[in-house]
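Below: the structure, in C-alpha cells.
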Amino acid sequence: MSDPNASILDEEALDWLVRVSFGTAGPDEFAAWRARSPAHERAARAAEALWRDIGHTATAAEFSRHEFSRHEFSRREAARGRLPHLPAGAMRRGIDRRPGHLGRRAVMTGAMAASAAALVASSGVFGPLAGLAADHATRPGERREVALPDGSMAMLNTATALSVRFTAAERRIVLTAGEAFFAVAKDPDRPFVVAARGGETRAVGTAFAVRTDGDEVRVTVSEGIVEVTAAAGLPVRLIAGQGAGYGGAGSQPLPQQVNEAAATAWRRGKLIFNQRPLVEVAAEMSRYRPGRVVVANPDLERLPVTGVFELDDQDAMLRAIEQALPVRVLNLPLLTVLR
C-alpha cells in the first residue's frame with residue numbers, strides 16, 4: 001500500500017517547482033522546503049525528474065528551433081514601437097552569466113526555466129507557432145469552420161494552422177500544424193490539394209480529414225476518393241472509410257479500413273476511445289487544453305480507456321478516468337499529472 005504522506009509530499013514538491021519555475025516563489029524558499037527532511041528531498045528530486053521530462057518532447061524541440069525567430073520578431077516589433085522587447089533568455093531568473101559563475105543553483109534554475117518555457121510553448125495558449133504566418137489558425141480547444149473561396153469548407157480542429165494558395169489551375173491548402181476536415185466543392189478543372197509535411201492529398205470533390213502529429217500525417221476519407229502521395233513515393237488511392245499515414249520513418253502510405261466516425265468525432269465535439277492506452281489518451285487530451293496531461297507513473301501508461309467524452313468538458317473526462325482507473329489527478333498551472 002502506498003504511503004499517503006509521501007503522495008502529499010510529491011504534490012507539494014511539484015507545486016513548489018511550478019511556482020519557482022514561473023517566478024512566483026524563490027529558489028531559496030524551495031531549497032529550505034526540501035531541506036526539512038530526507039522525505040522532502042526525495043519528493044523534490046522526483047518532481048525535478050518529472051519537470052525535466054516536460055522539456056524532452058517534440059513540442060519542446062519545435063520551440064527551440066523557433067526561439068530565435070520569435071526573438072527576432074519581438075526585436076523588430078519593438079523597434080517599430082509595437083512590443084516591449086525582452087532579451088532572449090529573459091525567463092531565466094537569477095543566473096549570473098559571468099564566466100565561472102554557473103553554480104548548481106544557477107544550472108537548476110536555468111533548467112527549470114527551460115522546462116517552463118517548453119511547457120508554455122507546448123501549452124499553446126496563443127495557438128501553434130505556425131499560426132503566426134498562417135491565413136487561419138485556432139487555439140487549443142478551439143474548433144472553427146472556414147469558408148474557402150471556391151465554396152469548399154474547411155473545419156479546423158484544435159491548435160491548427162493552414163494557409164490558402166488558390167490559383168487558376170489548382171486549389172492548394174498548406175497545413176502546417178494540427179488537423180482539418182475538408183468538404184470539397186466539385187471542380188474537375190482545378191484539383192484540391194492539401195500539402196503537409198512534404199506530402200500531398202489530392203481530390204476533386206470529396207470530404208476528408210488531414211492530421212499532423214510531429215513529422216507524421218494521417219489522412220481519413222469520409223466521402224469520395226482521394227490520392228495520397230508521400231514526399232518520395234507513388235500516389236495511393238483511398239476511398240470512403242479508409243485512411244493512410246505517411247512521414248516519420250518515410251514509409252509508403254498503405255490504405256487501411258478505419259472507424260471514420262471515431263476518427264472525426266471531434267467535429268461533433270466528442271472524443272471516442274476504445275481500449276486506448278492511458279498514455280495515448282493523455283496525449284490526445286493535451287491537444288485540446290492550454291497545458292499538458294502527463295502520466296507520471298510508467299505502470300499506468302498501458303491502462304485501457306474506453307468511452308465517449310465531451311471535448312468541451314475535459315474536467316468531467318478526468319473525473320471519469322479517476323473513477324474508472326486506479327489513477328489520481330493532480331492539477332497544476334499548465335500541467336495535469338495522472339499518477
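None of the values given here were measured: they were computed from a predicted structure.
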So do [Y] and [X] actually touch side chain to side chain, heavy atoms under 4.5 Å?
X	Y	answer
Met285	Met317	yes
Val146	Met155	no
Pro253	Thr229	no
Val281	Val279	no

Item to complete: For Leu311 and Arg143, run side chain to side chain contact (heavy atoms under 4.5 Å, CB included): C-alpha distance rounded to whole Å, both residues' side-chain angles, the deciding distance at 0.1 Å, then the answer.
Response: CA-CA 10 Å; Leu311 268 177; Arg143 303 181 300 281; 3.6 Å; yes

Discussion item. If the condition is side chain to side chain donor-acceptor pair (under 3.5 Å), which residues does Glu29 pass it with, not counting sequence neighbours?
Written reply: none

Electrostatic pair [X]:[Y] at N-O distance under 4.0 angstrom:
X	Y	value
Arg172	Glu200	yes
Glu41	Arg34	yes
Glu227	Arg237	yes
Glu322	Arg319	no
Glu142	Arg144	yes
Arg339	Asp299	no

Response to the item:
Sequence neighbours excluded, the answer for ring-ring contact (aromatic ring centres under 6.0 Å, His included) partners of Phe192 is Phe182

Worksheet item: Do Glu260 and Thr264 have a side chain donor and acceptor closer than 3.5 Å?
Response: yes

Worksheet entry | Backbone N/O of Leu156 and side chain of Thr138: donor-acceptor pair under 3.5 Å | no

